[in-house]
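Please read the structure below before turning to the comments.
All heavy atoms count here, side chains included; hydrogens, waters and symmetry mates do not. Protein chains get the first letters and strands the later ones, always in sequence-line order, with residue 1 at the start of each.
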Protein chains: 2
Amino acid sequence: MSVTGAGVSERTGQIVDAARVLIDEGGSAALTMRALGERLGIRAPSLYKHFPDKGAVEAQVIALALRELASELERAGSLDALASAYRAYALEHPHLYRLMNSGPLPRHLLPAGVEDAAALPLVRAVGGDMDRARAVWAFAHGMVILELDGRFPPDADLDSAWRTGLKAFAVPARRRSGA
Amino acid sequence: MSVTGAGVSERTGQIVDAARVLIDEGGSAALTMRALGERLGIRAPSLYKHFPDKGAVEAQVIALALRELASELERAGSLDALASAYRAYALEHPHLYRLMNSGPLPRHLLPAGVEDAAALPLVRAVGGDMDRARAVWAFAHGMVILELDGRFPPDADLDSAWRTGLKAFAVPARRRSGA
DNA sequence: GTCTATAGCCGGATAGAC
DNA sequence: GTCTATCCGGCTATAGAC
């Protein structure tokens, strides 16, 4: 059984797993049909007997990564813990993080529910307030992607910036009276 | 005089301007030496008399866009106005926004101070608190890039999510007592 | 389901004439 | 500073034999 689990043929699971490794190690650009074939000990054209095109393989890797991330986040209870787990995954697997969170999502190629499942832990953590969930997600994604892209100054204290942001989002109601 | 201003030869300014248009209209991938030459009525190899390689051209476009964005932001007084201007620029020039805010920055090819100048309006708006500046930037960038990438559900009320986030960041001190 | 061969396209960049 | 000619490399994908 491959990591992907489902009832597909063993071979397709191996292909997706190999593609995941290629991306994890070298980024999206490292996923080429030739490299993928080589890793599996077959020639690139043979892959087309299992997948219609490269996009289909990539979509399966995205689904895999989404489930992977979701399973990490499920363990977290508080919003702070959630943020820690989120950042940790991104730093451990920057290329996979980018793949699943940047650029257009091939939604029509993704198994239903995968996207929602990845979002669920956060939605729950903010008590179902979707505006807050989206704002926190934007903050977390922004922090992570700017860090991965090296956009913060080398001497920036990112832990401190995270704390500042999380503190701002932590106090939900408790508004004094004005607008 | 080209938009770039500086004392470079007229031709190099025209090249950068043309490259800016190419990216603005078709994204980073649309900037190819051939397309750039065609737009200027010359052949691609001729460009190498003005720039060492494609990366140098791209870096100048980034500098140009950074200054463009900075000049839009300078006009804004409040943090809310700043956020509006930021989002407006990103939605008007999504490809340029991506170019200057995603992926690694070729800092060694950028004129000194350009990056800081773009950040200055925000730093000022949060009273020089760098943690807060970084957190707000992450939030704003996250909102913008997730919107550009179509990651929010079609029915999501993004104005509302922005308000939620900005409200959270608006109240700086005023902490009751506990941790 | 794997292979070989190859079509087809696009890209950055260089050499050398004018 | 512009040109033509060209090299070199990369990629996805197909055709057809086994």
Side-chain angles (χ1 to χ4, degrees), chain A residues 1-2 4 6-62 95 98-99 102-106 108-109, chain B residues 1-2 4 6-62 95 98-99 102-106 108-109:
Chain A
M1 283 285 283
S2 82
T4 40
V8 284
S9 82
E10 195 57 22
R11 199 44 153 168
T12 66
Q14 292 172 351
I15 293 172
V16 173
D17 288 347
R20 199 210 87 113
V21 173
L22 280 177
I23 293 174
D24 194 27
E25 292 177 352
S28 290
L31 175 60
T32 69
M33 297 306 264
R34 293 192 225 270
L36 184 52
E38 191 173 358
R39 187 159 197 112
L40 292 161
I42 63 178
R43 301 293 168 182
S46 306
L47 295 167
Y48 292 87
K49 295 289 183 181
H50 303 278
F51 288 89
D53 53 36
K54 183 186 162 181
V57 178
E58 210 172 57
Q60 290 308 308
V61 177
I62 293 176
H95 300 303
R98 252 189 255 275
L99 177 71
S102 295
L105 244 203
H108 53 107
L109 295 178
Chain B
M1 285 287 282
S2 81
T4 40
V8 284
S9 84
E10 195 57 24
R11 201 44 155 167
T12 65
Q14 292 172 350
I15 292 172
V16 174
D17 289 347
R20 199 209 86 112
V21 173
L22 240 30
I23 293 175
D24 195 26
E25 292 178 350
S28 291
L31 175 61
T32 68
M33 298 305 265
R34 293 191 222 272
L36 184 52
E38 191 173 358
R39 188 162 194 111
L40 291 161
I42 64 178
R43 300 292 168 183
S46 305
L47 295 166
Y48 292 87
K49 295 289 182 181
H50 304 278
F51 289 88
D53 53 35
K54 182 186 163 181
V57 178
E58 210 172 56
Q60 290 308 308
V61 177
I62 292 176
H95 299 304
R98 252 188 255 274
L99 177 70
S102 296
L105 245 200
H108 55 107
L109 295 177

Q: List the steps and the verdict of side chain to side chain contact (heavy atoms under 4.5 Å, CB included) for A:Leu99 and A:Glu58.
A: CA-CA 9 Å; A:Leu99 177 71; A:Glu58 210 172 57; 4.1 Å; yes

What pair of heavy atoms forms the shortest contact from [X] to [Y], and how long is it?
X: B:Ala19; Y: B:Val61; result: CB-CG2, 3.6 Å
X: B:Asp53; Y: B:Tyr48; result: CA-CE2, 4.0 Å
X: B:Arg11; Y: B:Leu40; result: NH2-O, 4.0 Å

Q.
Looking only at the side chain of B:Arg11 (C-beta and beyond, no hydrogens), which of the listed nucleotides C:dA13, D:dT2, D:dT12 gets closest?
A. D:dT2

Q: Look at the side chain of A:Asp17 and the backbone N and O of A:Arg20, then say whether any donor-acceptor pair between them is shorter than 3.5 Å.
A: no

Between [atom2] of [N] and [atom1] of [X], the distance in whole Å:
X: B:Gln14; N: D:dG1; atom1: CD; atom2: C1'; value: 13 Å
X: B:Ile15; N: D:dT2; atom1: CD1; atom2: C1'; value: 12 Å
X: B:Lys54; N: C:dC10; atom1: NZ; atom2: C1'; value: 11 Å

Q | Neighbours of DNA chain C within residues 37-51 of chain B, by heavy-atom distance under 4.0 Å | A | B:Pro45, B:Tyr48

Q: Examine the base of C:dG11 for any acceptor or donor lying under 3.5 Å from a partner atom in the side chain of B:Arg34, and report the outcome as yes or no.
A: yes

Q.
Between A:Leu47 and A:Val57, does the side chain to side chain contact (heavy atoms under 4.5 Å, CB included) criterion hold? Intermediate values first, please.
A. CA-CA 10 Å; A:Leu47 295 167; A:Val57 178; over 6 Å; no

